[in-house]
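Report on the following structure.
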Amino acid sequence: MTPLYQIRADHDAHTVVVYQAYPSAVADAALAAGRFVAPFSFGRMTWIKPSFLWLMHRSNWARKAGQERILGVRITREGWEDALGRATLTTAGPDALAGADVHVQWDPERSARGAALNHYSVQVGIGRRVIRTFAEEWTVGLTDLTPQVRKAADLVQRGRAAEARRLLPPERVYPLPAELGARLTPRA
């Protein structure tokens with residue numbers, strides 16, 4: 001049985017891939033520059049998600065207005081763990097959240113068809129004080145996944161979810177340091 005709270009991600013020895021949905025203007029500028037540039041907003045929190053299917057649920061497979069483009073954002077593991085180390089759970093009190101550089105929220109993981117599963121996926125909100133570090137130091141690569149998303153969405157819509165799953169990025173348990181995992185796991 002899958003643990004209730006566990007980070008699953010596409011990762012290697014040095015990096016982790018997180019996903020974000022953007023309008024074309026933001027995605028095109030970022031892809032052309034190879035990094036986040038205007039019109040990307042450096043003045044507000046940006047949410048990163050290591051769960052591809054959770055973002056597909058959130059963006060309606062890149063069909064939601066303002067979320068038509070899906071980027072795979074490869075960040076350093078050092079940056080990922082730095083962000084998690086600065087994080088405050090969104091279930092904390094308002095004072096704790098107001099002073100937090102990073103927010104962590106757990107939401108039900110999703111199936112390819114969008115159904116809520118019996119375990120959770122982490123969402124990480126990178127706040128204004130850390131966003132430039134995320135964009136300029138932690139991010140080491142951007143990939144436009146929109147064509148892949150459109151193919152997978154078409155397959156899911158035609159009842160071929162098993163075929164669609166073959167197009168999904170590989171996600172496996174991220175080996176989070178125990179102390180960090182304990183701090184980020186909600187108390188029952």
Side-chain angles (χ1 to χ4, degrees), residues 1-12 15-22 27 45-75 77 79-81 83-92 97 100 102-126 134 143-188:
M1 187 165 119
T2 303
L4 203 54
Y5 298 98
Q6 181 181 65
I7 296 175
R8 289 166 304 284
D10 179 3
H11 61 88
D12 60 28
T15 63
V16 177
V17 178
V18 294
Y19 305 99
Q20 294 186 287
Y22 290 106
M45 182 172 282
T46 190
W47 287 86
I48 58 177
K49 300 142 184 81
S51 168
F52 184 80
L53 284 175
W54 196 92
L55 183 60
M56 293 308 95
H57 167 73
R58 176 76 175 84
S59 71
N60 191 21
W61 290 88
R63 286 186 220 118
K64 200 177 270 189
Q67 298 182 30
E68 304 90 357
R69 300 286 292 284
I70 305 300
L71 297 184
V73 182
R74 189 168 292 277
I75 63 174
R77 282 176 71 154
W80 173 245
E81 290 185 16
L84 295 176
R86 297 178 187 215
T88 298
L89 288 170
T90 57
T91 54
L97 281 174
V102 176
H103 294 184
V104 162
Q105 177 174 312
W106 293 90
D107 295 305
E109 181 60 278
R110 298 294 171 157
S111 73
R113 296 182 193 273
L117 301 177
N118 293 325
H119 56 278
Y120 293 85
S121 177
V122 70
Q123 323 306 320
V124 179
I126 306 295
F134 161 74
T143 304
D144 186 358
L145 298 175
T146 311
Q148 179 179 333
V149 166
R150 295 223 163 95
K151 282 182 191 174
D154 180 59
L155 288 167
V156 169
Q157 193 169 26
R158 292 188 293 145
R160 297 165 58 186
E163 284 179 66
R165 274 191 221 82
R166 289 186 218 129
L167 296 172
L168 306 182
E171 294 174 5
R172 62 189 194 289
V173 175
Y174 183 84
L176 198 60
E179 179 183 305
L180 196 49
R183 199 172 64 71
L184 295 176
T185 302
R187 310 251 187 271

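In this structure, Gln6 contributes its side chain and Val173 its backbone to no donor-acceptor pair below 3.5 Å. With Gln123 contributing its side chain and Ser121 its backbone, the two residues share a donor-acceptor pair below 3.5 Å. Looking at Arg77, its side chain does come within 3.5 Å of a backbone N or O of Asp12 through a donor-acceptor pair. Ser111 places a side-chain N or O within donor-acceptor distance of the main-chain N or O of Arg113, the cut-off being under 3.5 Å.
Atoms CD and CG, from Gln67 and Asn60 in turn, are 9.5 Å apart once rounded to the nearest 0.5 Å. Expressed to the nearest 0.5 Å, how far CG of Leu176 lies from OG1 of Thr185 amounts to 8.0 Å. Atom CG of Leu53 and atom CD of Glu171 lie 6.5 Å apart (nearest 0.5 Å). Distance check, rounded to the nearest 0.5 Å: CG of Asp154 to CG of Leu167 gives 10.5 Å. Taken from OG in Ser51 to NE2 in His119, the straight-line distance is 8.0 Å, to the nearest 0.5 Å. Interatomic distance, CD of Gln157 versus CH2 of Trp61, reported as 11.0 Å (0.5 Å rounding).
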For this session: List the steps and the verdict of side-chain contact (heavy atoms from CB on, under 4.5 Å) for Trp47 and Gln105.
Result: CA-CA 10 Å; Trp47 287 86; Gln105 177 174 312; 4.1 Å; yes

For this session: Any chance you could lay out the side-chain contact (heavy atoms from CB on, under 4.5 Å) test for Ile7 and Trp80, step after step, and finish with the verdict?
Result: CA-CA 12 Å; Ile7 296 175; Trp80 173 245; 4.0 Å; yes

For this session: Give the C-alpha distance, both sets of side-chain angles, the deciding distance and a yes or no for side-chain contact (heavy atoms from CB on, under 4.5 Å) between Val122 and Trp54.
Result: CA-CA 9 Å; Val122 70; Trp54 196 92; over 6 Å; no

Problem set entry | Thr15 and Val17: CA distance, side-chain angles, deciding distance, side-chain contact (heavy atoms from CB on, under 4.5 Å) verdict | CA-CA 7 Å; Thr15 63; Val17 178; 5.6 Å; no

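Summarising the geometry of Arg69 relative to Ala27, their closest heavy-atom pair is CB-CB, 3.7 Å, with the distance given to 0.1 Å. For the pair Leu4 and Asn118, the tightest heavy-atom approach, listed with the atom from each and the gap, is CD1-O, 3.3 Å. Contact between Ala9 and Val16 at its shortest, heavy atoms only, is CB-CG1, 4.0 Å. When every heavy atom of Ile126 is checked against every heavy atom of Ala83, the shortest pair comes out as CD1-CB, 3.9 Å. Closest approach of Ala100 to Thr88, counting heavy atoms only: CB-OG1, 3.3 Å. The two atoms that bring Ile70 and Ala62 nearest to each other are CG1-CB, 3.8 Å, heavy atoms only.
You'll find the side chain of Ile48 stays beyond 4.5 Å of the side chain of Val73, heavy atoms only. At least one side-chain heavy atom of Leu84 sits less than 4.5 Å from a side-chain heavy atom of Val104. Counting only heavy atoms from C-beta outward, the side chains of Lys49 and Val18 never approach each other to under 4.5 Å. The shortest side-chain heavy-atom distance between Glu68 and Thr146 does not fall under the 4.5 Å cut-off. Inter-residue side-chain proximity for Arg110 and Met56 is flagged as unmet; no heavy-atom pair is nearer than 4.5 Å. At a threshold of 4.5 Å between non-hydrogen side-chain atoms, the residues Leu180 and Arg183 count as touching. The closest side-chain heavy-atom distance from Thr143 to Arg74 is not below 4.5 Å. Under the 4.5 Å side-chain criterion, counting only non-hydrogen atoms from C-beta, Pro170 is in contact with Asp10.
Each of Arg8, Glu81, His11 was compared with Tyr174 under the side chain to side chain donor-acceptor pair (under 3.5 Å) criterion, and only Glu81 meets it.
Ion pairing of Glu163 with Arg158 is absent here, as no side-chain N (NZ or NE/NH1/NH2) approaches a carboxylate O to less than 4.0 Å.
Partners of His57 by ring-ring contact (aromatic ring centres under 6.0 Å, His included), not counting sequence neighbours: none found. Applying the ring-ring contact (aromatic ring centres under 6.0 Å, His included) criterion to Trp106, with sequence neighbours excluded, gives Tyr5. For Gln20, the side-chain hydrogen bond (donor to acceptor under 3.5 Å, both in side chains) criterion is met by Tyr22, Thr46, not counting sequence neighbours.
The neighbour count for Lys151 NZ, taken as heavy atoms of other residues, nucleotides or ligands under 6.0 Å away, does not exceed 12.
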